[in-house]
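Here is the structure we will look at.
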Amino acid sequence: QVQLTESGGGSVQAGDSLRLSCAVSGRTFYSPTMGWFRQAAGKERDFVAAIRWSGGNTYYADSVKGRFTISRDTAKNTVYLQVNSLKPDDTAVYYCAASKYYLGDDSGMKNLYDYWGQGTQVTVSS
């Protein structure tokens with residue numbers, strides 16, 4: 001059983017930064033693709049960023065390019081999302097997800113992910 005646990009969310013002002021973490025645990029874990037998604041109140045869950053576990057290839061939604069950075073620490077089995085220059089539109093619950101496959105250019109498709117965390121709330125006020 002793979003478990004994903006997000007942390008690092010909070011209430012911040014516009015322009016602030018946060019670092020979200022996703023700790024992965026389980027008896028055996030190998031997930032070629034790790035992703036971050038977000039869901040604002042009343043809206044669909046949208047892709048934010050993804051990373052290839054081996055090799056570190058990264059993928060981003062256009063709306064966050066240049067502001068968000070995804071990374072991973074293979075020794076700690078943890079994926080990070082550095083979120084900078086936050087805007088009120090970034091307010092959402094941020095979810096970590098893991099896929100059993102390398103998704104490549106399909107990393108933005110949420111239905112291809114096998115495991116999900118419970119989410120961490122990010123609230124940005126103006």
Side-chain angles (χ1 to χ4, degrees):
Q1 182 76 10
V2 174
Q3 295 177 327
L4 308 178
T5 305
E6 303 96 333
S7 62
S11 297
V12 298
Q13 299 288 318
D16 285 351
S17 299
L18 287 171
R19 188 175 81 157
L20 308 183
S21 299
C22 172
V24 185
S25 61
R27 281 202 310 173
T28 56
F29 169 72
Y30 176 63
S31 176
T33 305
M34 296 292 298
W36 284 96
F37 290 76
R38 66 185 180 183
Q39 188 168 17
K43 296 188 177 181
E44 295 287 320
R45 189 171 299 188
D46 293 330
F47 171 69
V48 174
I51 189 166
R52 183 178 186 178
W53 192 260
S54 173
N57 308 60
T58 56
Y59 306 84
Y60 294 96
D62 288 342
S63 59
V64 305
K65 282 181 181 177
R67 297 191 299 126
F68 290 11
T69 303
I70 189 171
S71 62
R72 85 272 189 250
D73 186 328
T74 55
K76 295 183 178 179
N77 271 356
T78 301
V79 177
Y80 303 99
L81 186 67
Q82 179 69 38
V83 295
N84 298 329
S85 303
L86 282 162
K87 307 174 183 178
D89 285 349
D90 295 318
T91 295
V93 178
Y94 284 70
Y95 295 92
C96 178
S99 173
K100 298 177 183 177
Y101 306 100
Y102 173 53
L103 301 179
D105 290 340
D106 291 333
S107 294
M109 299 181 66
K110 57 180 177 288
N111 59 306
L112 297 182
Y113 287 82
D114 303 286
Y115 306 101
W116 292 85
Q118 293 300 307
T120 185
Q121 175 72 47
V122 173
T123 303
V124 185
S125 56
S126 57

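Along the sequence shown, the residues carry numbers beginning at 1. In what follows, every heavy atom counts, from backbone to side chain, and hydrogens, waters and symmetry copies are set aside.
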Scan residues 34-72 for pairs that pass disulfide (SG to SG under 2.5 Å), counting only residues two or more places apart or in two chains.
->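 Matches after skipping sequence neighbours: none remain.
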
Of all pairs that satisfy disulfide (SG to SG under 2.5 Å), the ones with a partner from residues 68-126, not counting sequence neighbours =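 Non-adjacent pairs meeting disulfide (SG to SG under 2.5 Å): Cys22-Cys96.
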
What residues join Tyr95 in its hydrophobic cluster, counting side-chain heavy atom gaps under 4.5 Å, either direct or through other members?
->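 Reading the cluster by chain and number, Tyr95 sits alongside Phe37, Phe47, Tyr59, Val93, Tyr101, Tyr102, Leu103, Met109, Leu112, Tyr113, Trp116.
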
Using 0.5 Å steps for rounding, measure from the [atom1] atom of [X] to the [atom2] atom of [Y].
X: Tyr80; Y: Trp36; atom1: OH; atom2: CH2; result: 10.5 Å
X: Arg38; Y: Asp89; atom1: CZ; atom2: CG; result: 8.0 Å
X: Leu20; Y: Phe68; atom1: CG; atom2: CZ; result: 8.0 Å
X: Tyr94; Y: Asp46; atom1: OH; atom2: CG; result: 10.0 Å

Suppose the criterion is salt bridge (charged side-chain N to carboxylate O under 4.0 Å, His left out): which pairs have a residue in [range], not counting sequence neighbours?
range: residues 7-23; answer: none
range: residues 93-106; answer: none
range: residues 52-62; answer: Asp62-Lys65
range: residues 108-125; answer: none

Look at the side chain of Glu6 and the backbone N and O of Gln118, then say whether any donor-acceptor pair between them is shorter than 3.5 Å.
->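 Checked: pair present.
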
Can you name the residues that form a side-chain contact (heavy atoms from CB on, under 4.5 Å) with [X], not counting sequence neighbours?
X: Ser54; value: none
X: Ser11; value: Thr123
X: Lys43; value: Ala40
X: Ser85; value: Arg67

Side-chain touch [X]/[Y], heavy atoms, less than 4.5 angstrom:
X: Gln121; Y: Thr91; result: yes
X: Leu81; Y: Val79; result: no
X: Met34; Y: Ile70; result: no

Side chain to side chain donor-acceptor pair (under 3.5 Å) involving Asn84 - partner list, sequence neighbours excluded |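 For Asn84 the side chain to side chain donor-acceptor pair (under 3.5 Å) partners, ignoring immediate neighbours, are Ser17, Gln82.
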
Taking all non-hydrogen atoms of both residues into account, name the closest pair between Ala50 and Thr33 and its distance.
->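 Scanning both residues completely, I find the closest heavy atoms to be CB-CG2, 4.3 Å.
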
Passes side-chain contact (heavy atoms from CB on, under 4.5 Å), Val122 versus Val83? Steps please.
-> CA-CA 10 Å; Val122 173; Val83 295; 5.7 Å; no

